[in-house]
Amino acid sequence: MKTLWQHCHVATMAQGNYSIIEDAAIVTSGTLIEWIGPRAELPKADYATTHDLQGAWVTPGLIDCHTHTVFGGNRSGEFEQRLQGVSYAEIAAAGGGIASTVRATRAATEDELFASGHKRLRSLLRDGVTTVEIKSGYGLDLASERKILRVIRRLGAELPVSVRSTCLAAHALPPEYVDRADAYIDHICVEMLPALAAEGLVDAVDAFCEYLAFSPEQVERVFVAAQKLGLPVKLHAEQLSSLHGSSLAARYQALSADHLEFMTEEDAIAMAASGTVAVLLPGAFYFLRETQLPPMDALRKHGVKIAIASDLNPGTSPALSVRLMLNMACTLFRMTPEEALAGATQHAATALGLGDSHGSLEVGKVADFVAWQIDRPADLAYWLGGELDKRVVRHGADVTV
Ligand code: DI6
Ligand code: FE
């Protein structure tokens with residue numbers, strides 16, 4: 001059954017550019033795009049349904065390729081403390097930071113985590129997101145990581161959004177393994193990953209490579225374990241210092257390396273060679289008031305694909321809007337609105353291993369798109385927050401919330 005969507009302009013984002021079609025028409029059949037082009041060239045056919053998009057600008061559905069949406073508790077109190085002069089170190093010493101979210105996540109039931117994650121995810125959907133990646137990483141033991149990953153699968157089953165799950169057991173050291181980081185890495189590689197993968201809960205594996213988290217050597221052991229299970233890898237790298245985690249990620253053909261404020265040109269060359277996507281997280285940069293910018297010139301010079309994501313998490317990026325991230329990518333990182341939109345569509349899809357099926361409006365790809373009542377595509381990075389009038393279509397069906 002064919003459906004026609006017309007009276008619109010389209011930014012297809014093919015090849016990561018606007019690739020605009022003025023006065024366009026889109027034909028969908030089931031979940032896929034069957035035809036797209038100028039309305040004047042529309043093939044004659046019987047369309048079961050015709051939608052008038054009233055002059056909207058149509059883009060691919062937004063893709064948030066890096067979130068920690070499922071967690072217990074709330075750290076707005078820490079935000080307030082820091083603004084009263086309490087340091088991160090003092091907060092951590094008092095049991096705050098990631099440790100407090102781990103305690104709250106372990107204490108929460110699966111239903112409680114589903115309810116709070118559902119609320120956060122609806123905010124992203126209302127902002128035009130049709131595909132999202134969600135990481136574990138606040139459980140840090142097998143039962144709790146399993147609980148988070150099961151919630152992630154449930155969110156994808158119950159909401160009109162495609163969800164990819166990432167196991168980030170190597171996010172932080174759990175209290176049971178204080179001063180025994182290598183033993184915890186063993187536990188991840190020998191017990192946690194094989195069990196969670198066997199239960200079909202994991203689409204990719206991630207780790208936090210940082211002086212206050214895990215070393216490149218420890219991360220590499222996680223990568224080897226993931227590879228043995230046939231799982232692709234990603235990496236939180238060069239957020240606060242340069243350990244060349246992004247080069248290590250490139251050596252393992254990682255889907256992406258993320259944060260990257262402290263990456264070097266050599267890292268960029270390695271990522272370009274492996275096709276590893278640079279996922280920039282301006283929300284964390286902004287919220288932490290960082291000053292070290294990612295090396296945009298090196299990324300562009302070496303043709304590294306750049307994605308933009310929310311990094312939605314309670315400690316460093318409590319961000320509920322991808323559009324706001326587009327604005328931050330432009331305002332803080334000096335990306336163009338076109339680069340930023342490519343970063344939340346085609347390049348974000350590639351960062352999830354979905355580049356062949358998602359991320360641009362082309363024949364044979366999924367019919368995931370948003371019809372925005374805006375004056376031009378740059379409006380998506382221009383307006384700060386708020387809600388734009390839109391229709392959201394996922395898998396060929398109107399799912400506007
Ligand atoms: N980088 C971050 O900024 C977050 N995790 C990571 O790998 C911090 C997570 C938190 O503070 O809860
Ligand atoms: Fe993150």
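Note that these values count all heavy atoms, side chains included, but never hydrogens, waters or copies made by symmetry. In each ligand, atom 1 is the first atom listed, and ligand 1 is the first ligand listed.
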Q.
Counting C-beta onward and ignoring hydrogens, is there a side-chain heavy-atom pair between S19 and E362 closer than 4.5 Å?
A. no

Q | Nitrogen or oxygen atoms of R75 and ligand 1 under 3.5 Å apart | A | yes

Q: Check whether any N, O or S atom of H66, backbone or side chain, sits closer than 2.8 Å to the Fe ion (ligand 2).
A: yes

Q: Return yes when T101 approaches ligand 1 closer than 4.0 angstrom through a heavy atom, no otherwise.
A: no

Q. Taking K135 as the fixed residue, which of D311, D206, T69, T67 is the one that meets the side-chain hydrogen bond (donor to acceptor under 3.5 Å, both in side chains) rule?
A. D206

Q: Please say which of K147, R154, R146 ends up in a salt bridge (Lys or Arg N to Asp or Glu O under 4.0 Å) with E110.
A: R154

Q) Taking 4.0 angstrom as the limit, do R334 and D297 come out as a salt bridge? A) no

Q) Any idea which N/O/S atom from H68 gets closest to the Fe ion (ligand 2)? A) NE2

Q: Name the closest protein heavy atom to atom 5 (N) of ligand 1, giving the residue it belongs to and the distance to 0.1 Å.
A: H171 NE2, 2.8 Å

Q) Can you find a pair of side-chain heavy atoms, one from V132 and one from L125, that are under 4.5 Å apart? A) no

Q: Measure the distance from atom 1 (N) of ligand 1 to every protein heavy atom, then report the residue, atom name and distance (to 0.1 Å) of the closest one.
A: Q239 OE1, 3.0 Å

Q) Hey, is there an N, O or S on D311 sitting under 2.8 Å from the Fe ion (ligand 2)? A) yes

(Q) Suppose I only count heavy atoms of Y138 and a 4.0 Å limit; which atoms of ligand 1 are within that range? (A) 9 (C), 10 (C), 12 (O)

(Q) Counting C-beta onward and ignoring hydrogens, is there a side-chain heavy-atom pair between P295 and E265 closer than 4.5 Å? (A) no

Q | Closest protein heavy atom (residue, atom, distance) for atom 7 (O) of ligand 1 | A | H236 CD2, 3.1 Å

Q) Is the NZ or CZ atom of R221 both under 6.0 Å from the centre of the six-membered ring of F214 and within 45° of that ring's axis? A) no

Q. Considering only heavy atoms of T316, which atoms of ligand 1 have at least one such atom less than 4.0 Å away?
A. 2 (C), 3 (O), 4 (C), 8 (C), 11 (O)

